[in-house]
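Structure first, then comments.
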Amino acid sequence: MRVVLAWPWLRATCTLLGNAPRRLVSRGAPRRRRTQKDCAAGWDEKSTGRVQWSQLEHRGPHFTPPYEPLPDEVRFLYDGKPLKLSLAAEEVATFYGKILDHEYTTKEVFQNNFFSDWQKEMTTEERKVITSLDKCDFTEIHRYFADKAVARKALPREEKQKLKEAAEKLQQEFGYCILDGHREKIGNFKTEPPGLFRGRGDHPKMGMVKKRVLPEDVVINCSRDSKIPEPPTGHQWKEVRTDNTVTWLASWTENVQSSIKYITLNPNSKLRGEKDWQKYETARRLKGVVAEIRSQYQADWRSGGMRTRQRAVALYLIDKLALRAGSRKEEGEVADTAGCCSLRVRHVRLHPEADGHKYVVEFDFLGKDAIRYYNRVPVEGPVYENLQLFMDHKEPEDKLFDGLTTASLNRHLQDLMDGLTAKVFRTYNASITLQGQLRALTRAEDSVAAKILSYNRANRAVAILCNHQRAAPKTFEKSMQNLQTKIKVKKEQVAEAMVELRRAKADSEIKGDGKSRSVLEKKRRSLEKLQEQLARLSAQATAREENKQVALGTSKLNYLDPRISIAWCKRFGVPIEKIYNKTQREKFAWAFNMAGEDFEF
DNA sequence: TATTTTACTTAGAATTACCGTC
DNA sequence: GACGGTAATTCTAAGTAAAATA
């Protein structure tokens with residue numbers, strides 16, 4: 001394994017961690033923000049852990065190029081007749097035309113939001129004429145952009161090379177910053193282009209126009225003595241400030257949801273690496289106290305206080321099922337989704353007996369990104385009885401845990417362990433599951449391919465626990481068929497090689513000379529090779545089938561302590577490149593020297 | 001104390017890059 | 001060198017949680 005270490009800070013952190021007794025409950029400094037009191041009290045010291053940098057210099061965001069009007073021959077038709085639109089109205093029309101073939105343009109909410117926002121961009125005359133989306137014909141616009149995409153793809157090699165070089169130049173110019181003397185890659189150095197908002201699930205704002213970001217919208221954050229980034233010619237920044245308690249380089253407020261968007265560092269940066277590491281350290285501290293926390297919430301199932309009982313049942317679900325906290329959401333502003341604390345009565349069904357178990361709870365709700373969570377789980381008697389109690393005399397839309405908020409739950413967790421919040425349970429359970437599964441599934445004598453299959457199985461167990469789903473790839477059926485054909489061919493080759501081997505064996509026994517022996521040896525090796533190839537293909541087929549609708553990437557990137565995987569690779573001689581690609585290796589660079597082969601989460 | 005705002009983390013889809021095959 | 005399939009990367013929405021504010 002080759003790890004490039006341009007990480008002088010790593011060595012110090014490794015030593016620190018390596019020697020730290022793990023059970024010791026350390027004081028993870030909670031995130032704090034500047035208050036006036038702090039400033040007066042001299043909190044602006046690096047040692048407090050609040051200050052994130054002392055030098056930050058960058059070029060500011062790169063802006064989406066201005067709108068290019070359509071050529072005259074590309075027409076928009078209204079009621080069957082060509083209609084030349086004003087520049088602003090035309091631009092918004094292209095947003096719709098570009099995605100004409102997408103499913104959500106068929107949705108009423110999308111259409112209504114789009115049309116109403118589009119009208120705002122129209123001239124008075126246009127607004128008078130264009131009164132119904134049904135009479136709008138965007139097909140020429142759609143074809144224009146589709147053709148353009150095809151043409152781009154068919155560009156000669158050297159033209160493509162030029163485009164690539166231009167992108168690289170842009171990356172070099174805008175894609176890096178200097179943070180405390182180090183050149184660090186920025187994660188997103190471009191502002192988001194204007195277009196139509198596409199929420200997930202039944203989002204009430206889908207189809208609204210997301211406006212072009214202007215320098216006048218952008219707040220720049222950089223150090224006082226740094227070269228202040230130059231706004232594009234003829235423009236000004238909204239504000240230039242120096243706030244070294246935050247990690248963002250620039251920000252603006254997006255118009256659809258009024259949320260703040262940030263330009264931030266790439267995950268491979270020192271700053272984000274350290275935070276990632278801290279996250280897993282917090283989860284490891286939970287490992288040390290989780291048994292105690294579990295006994296406590298089990299005891300609390302019988303508490304006299306209803307709020308305590310609700311909290312204890314919710315915590316049990318967060319721990320056992322890896323549910324998200326479920327914070328409160330603005331009704332009508334966002335899609336109607338739920339997490340643990342925001343579960344409603346209609347999301348849960350109780351079965352005194354089901355699937356051969358007593359006390360089965362059936363969950364069916366939409367979680368983050370409107371991904372469905374469906375699960376039937378047997379629970380302990382008291383949990384079942386409590387759920388029954390919480391649901392009693394309530395309407396389907398009522399909250400299951402009416403006396404509970406994520407804030408109150410987290411306050412309680414903070415008392416149990418410094419830095420403990422609901423999401424730490426997900427991190428902890430994901431990582432401990434990976435570690436356990438790897439131990440259960442890996443056999444030292446297996447081939448590397450078989451070990452990787454085990455790794456992916458362990459990874460999958462976590463993804464299923466965390467409910468990380470994906471739409472089955474469009475090409476799934478076909479690619480599966482192709483693979484099956486390959487396997488069939490390989491099987492035939494193996495059978496043939498067996499026959500040949502047998503023949504060579506007989507031949508060698510009769511003749512007993514050197515030549516026939518060497519033929520025999522050759523046949524033996526060729527059979528072995530074919531069998532290996534077959535095994536690899538079968539493993540691939542199995543893995544692909546099992547992964548059809550499971551997304552492994554999310555847990556790999558966000559929930560699994562990379563040190564578990566690194567240690568596993570070291571112990572079983574699996575090249576790390578088989579587990580982490582280049583980007584992932586860079587993101588997890590902080591972990592490489594920390595994890596020896598016997599690292600334990 | 002309750003609500004709102006801010007900052008940061010997590011998420012699946014969409015897009016692009018890459019590689020083997022014909 | 002076009003094609004097709006997969007892997008990698010990019011994109012930005014949607015969460016969590018804590019601070020700020022009312």
Side-chain angles (χ1 to χ4, degrees), chain A residues 30-36 38 50 52 99 102 149 152-154 156-157 160 163-164 167 171 187-193 195 197-201 203 205-206 210 219 221 243 245-248 251 253-254 256-262 264-267 271-272 275-276 279 324-330 333-335 337-342 366-371 405-411 413-414 419-424 426-427 430 463 466-471 473-476 478-480 482-483 540 544 549-559 580-584:
Chain A
R31 202 161 61 93
R32 298 187 71 255
R33 263 187 242 171
R34 179 176 47 209
T35 60
Q36 292 195 329
D38 284 352
R50 210 168 43 77
Q52 316 249 18
I99 56 165
H102 205 289
R152 223 175 94 93
K153 226 183 259 173
R157 174 184 290 275
K160 277 187 182 165
L163 286 175
K164 211 176 156 185
Q171 169 75 43
N188 56 329
F189 63 88
K190 295 172 182 170
T191 60
E192 294 172 13
F197 176 80
R198 322 132 85 119
R200 308 270 172 102
H203 197 116
K205 297 192 169 184
M206 63 165 84
K210 201 169 91 169
V219 178
N221 190 26
D243 183 353
T245 68
V246 296
T247 61
W248 51 268
S251 70
T253 301
E254 162 266 353
V256 175
Q257 313 220 69
S258 311
S259 68
I260 308 173
K261 300 278 186 156
Y262 301 94
T264 57
L265 293 173
N266 189 283
L271 206 59
R272 291 190 60 176
K275 289 198 172 174
D276 211 28
K279 173 180 78 184
R324 294 188 186 84
S327 37
R328 196 185 139 272
K329 300 174 79 186
E330 215 62 62
E333 294 285 304
V334 287
T337 60
C340 186
C341 296
S342 54
L366 298 182
K368 182 179 179 179
D369 292 318
I371 296 292
T405 65
T406 52
S408 67
L409 175 63
N410 283 335
R411 261 198 309 276
L413 293 175
Q414 194 61 242
L420 186 61
T421 62
K423 80 197 265 284
V424 178
R426 241 165 108 81
T427 311
C466 295
N467 200 41
H468 292 145
Q469 298 187 40
R470 62 167 183 178
K474 287 188 194 89
T475 53
F476 184 84
K478 201 154 133 213
S479 78
M480 208 59 204
N482 291 348
L483 195 55
Q540 208 183 337
R544 195 177 299 177
Q549 295 182 83
V550 182
L552 300 186
T554 303
S555 50
K556 203 174 186 180
L557 236 47
N558 301 300
Y559 288 101
Y580 291 135
N581 67 30
K582 186 170 144 280
T583 311
Q584 293 163 343

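Proteins come first, then strands; the chains are lettered A, B, ... in the order of their sequence lines, and each starts at number 1. The shown structure was predicted, so the numbers you read here are calculated from the model rather than taken from an experiment.
- Residue-level contact check: Pro193(A) touches the backbone only, with heavy atoms under 4.0 Å from sugar-phosphate atoms and none from bases.
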Set out, line by line, the N/O atom pairs under 3.5 Å between protein and nucleotides 14-16 of chain B.
unit_1: dA14(B); atom_1: OP1; unit_2: His102(A); atom_2: NE2; d: 2.9

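- Gln584(A) is linked by a side-chain hydrogen bond (donor to acceptor under 3.5 Å, both in side chains) to nothing, counting only residues two or more places apart in sequence or in another chain.
- OP1 or OP2 of dA11(B) has at least one side-chain nitrogen or oxygen of His468(A) nearer than 4.0 Å.
- Within 4.0 Å (heavy atoms only), Thr421(A) reaches sugar-phosphate atoms of the nucleic acid but no base atom.
- With sequence neighbours excluded, no residue forms a ring-ring contact (aromatic ring centres under 6.0 Å, His included) with Phe189(A).
- Put simply, OG1 on Thr264(A) and CG on Asn188(A) are 4.5 Å apart, with the number rounded to the nearest 0.5 Å.
- The 5' end of DNA chain B is approached more closely, in terms of each residue's nearest nucleotide, by Tyr262(A) than by the other of Asp276(A) and Tyr262(A).
- When distances run from any side-chain atom of Asn410(A) to the nucleotides dA18(C), dA13(C), dC8(B), the shortest one goes to dA18(C).
- Backbone-only engagement by Gly367(A) is indicated by non-hydrogen atom pairs under 4.0 Å involving sugar-phosphate atoms exclusively.
- Aromatic ring orientation, Tyr262(A) versus Trp248(A): tilted (interplanar angle from 30° to 60°).
- For Lys368(A) and dT10(B), a side-chain-to-base donor-acceptor distance below 3.5 Å is present, hydrogens and geometry of angles not being considered.
- Map Gln584(A) and Gly339(A) each onto its nearest nucleotide of DNA chain C; the residue landing nearer the 5' end is Gln584(A).
- Lys329(A) has no side-chain polar atom (N or O) that falls below the 4.0 Å cut-off from OP1 or OP2 of dT16(C).
- Taking only side-chain nitrogens and oxygens, Gln52(A) comes nearer than 4.0 Å to OP1 or OP2 of dC8(B).
- At a threshold of 4.0 angstrom between heavy atoms, the contacts of Thr247(A) are confined to the sugar-phosphate backbone, with no base atom among them.
- Across the protein-nucleic acid pair, Leu265(A) atom CG and dA7(B) atom P stand 15 Å apart, rounded to whole Å.
- Distance OG1/Thr421(A) to CD/Gln414(A): 8.0 Å, rounded to 0.5 Å.
- With sequence neighbours left out, the side chain to side chain contact (heavy atoms under 4.5 Å, CB included) criterion links Arg411(A) to Ala407(A), Ser408(A).
- In this structure, the side chain of Lys261(A) does not engage the main chain of Glu192(A) through any donor-acceptor pair within 3.5 Å.
- Between the side chain of Asp369(A) and the main chain of Ile371(A), no donor-acceptor pair closer than 3.5 Å is present.
- No contact: Leu557(A) has no heavy atom under 4.0 Å from any strand.
- Lys423(A) has its NZ atom 7 Å from the P atom of dA17(C), to the nearest Å.
- Using a 4.0 Å heavy-atom cutoff across all strands shown, Gly326(A) reaches sugar-phosphate atoms only and no base atom.
- If you check dT16(C), dC8(B), dA13(C) against the side chain of Lys275(A), the one that comes closest is dC8(B).
- Following rounding to the nearest Å, Arg272(A) (CZ) and dA7(B) (P) show an atom-to-atom distance of 15 Å.
- At the heavy-atom level, Glu254(A) lies nowhere under 4.0 Å from the strands shown.
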Short N/O separations, protein against nucleotides 18-22 of chain B, under 3.5 angstrom:
unit_1: dC18(B); atom_1: OP2; unit_2: Lys164(A); atom_2: NZ; d: 3.4

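- The phosphate of dG15(C) has OP1 or OP2 within less than 4.0 Å of a side-chain N or O from Thr337(A).
- Counting any heavy atom pair closer than 4.0 Å across all strands shown, Thr406(A) reaches no nucleic acid atom.
- At a threshold of 4.0 angstrom between heavy atoms, the contacts of Lys205(A) with the nucleic acid are absent.
- For Phe197(A), the listed nucleotide lying nearest its side chain is dA14(C); candidates were dT9(B), dC11(C), dA14(C).
- Side-chain proximity of Lys190(A) to dA11(B), dT6(B), dC11(C): nearest is dC11(C).
- When the C1' atoms of four end pairs are superposed on the next four at each end of the helix from dT1(B)-dA22(C) to dC22(B)-dG1(C), using five pairs per end, the two resulting axes differ in direction by 10°, to 10°.
- As rounded to whole Å, 17 Å separates atom P of dC8(B) from atom CG of Asn558(A).
- Between Asn266(A) atom CG and dC11(C) atom C1' there is a gap of 14 Å when expressed in whole angstrom units.
- Contacts of Ala471(A) with the nucleic acid, taken as non-hydrogen atoms under 4.0 Å apart, involve only primed sugar atoms and P, OP1 or OP2.
- Distances from the side chain of Arg200(A) to the nucleotides dA17(C), dA13(C), dA7(B) place dA13(C) closest.
- The minimum heavy-atom distance between Ala463(A) and Leu552(A), with the atom names listed, is CB-CD2, 4.0 Å.
- Considering only side-chain atoms of Arg426(A), the nucleotide from dG15(C), dA11(B), dA13(C) that sits closest is dA11(B).
- Ranking dA8(C), dA11(B), dA13(C) by closeness to the Lys261(A) side chain, first place goes to dA13(C).
- At a threshold of 4.0 Å, the pair Lys210(A)-Glu254(A) does not count as salt-bridged, since none of the basic side-chain nitrogens sits closer than that to a carboxylate oxygen.
- Ala335(A) comes within 4.0 angstrom of nothing in the nucleic acid, heavy atoms only.
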Before you tell me yes or no, could you show the steps for Arg324(A) and Lys368(A) under side-chain contact (heavy atoms from CB on, under 4.5 Å), namely the whole-Å CA-CA distance, both residues' side-chain angles and the distance that decides it to 0.1 Å? CA-CA 9 Å; Arg324(A) 294 188 186 84; Lys368(A) 182 179 179 179; 3.5 Å; yes

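- Of the candidates dT16(C), dG12(B), dA8(C), dT16(C) carries the atom nearest the Arg324(A) side chain, counting heavy atoms from C-beta on.
- Each of Gln469(A) and Trp248(A) has a nearest nucleotide on DNA chain B; the 5'-most of these lies closest to Trp248(A).
- One interatomic measurement links the two molecules: NZ of Lys556(A) to P of dT10(B), which rounds to 17 Å at whole-angstrom precision.
- Considering only side-chain N and O atoms, Lys279(A) lies nowhere under 4.0 angstrom from the phosphate OP1 or OP2 of dC8(B).
- The interatomic distance linking Leu552(A) (CG) with dA11(B) (P) rounds to 13 Å, in whole Å.
- Under the 3.5 Å distance criterion, the side-chain polar atoms of Asp276(A) are left unmatched by any main-chain donor or acceptor of Arg272(A).
- In this structure, OG1 in Thr337(A) is found 12.0 Å from CZ in Arg200(A), a value given to the nearest 0.5 Å.
- Remark: side-chain polar atoms of Lys329(A) are paired, donor with acceptor, to backbone N or O of Ala335(A) under 3.5 angstrom.
- Within 4.0 Å (heavy atoms only), Arg470(A) reaches sugar-phosphate atoms of the nucleic acid but no base atom.
- Here the closest heavy-atom approach between residue Val256(A) and residue Lys205(A) is recorded as O-NZ, 3.0 Å.
- Atom C1' of nucleotide dT6(B) and atom CZ of Arg50(A) are separated by 15 Å, given to the nearest angstrom.
- Within the 4.0 Å cut-off from OP1 or OP2 of dA14(C), at least one side-chain nitrogen or oxygen of Gln257(A) is found.
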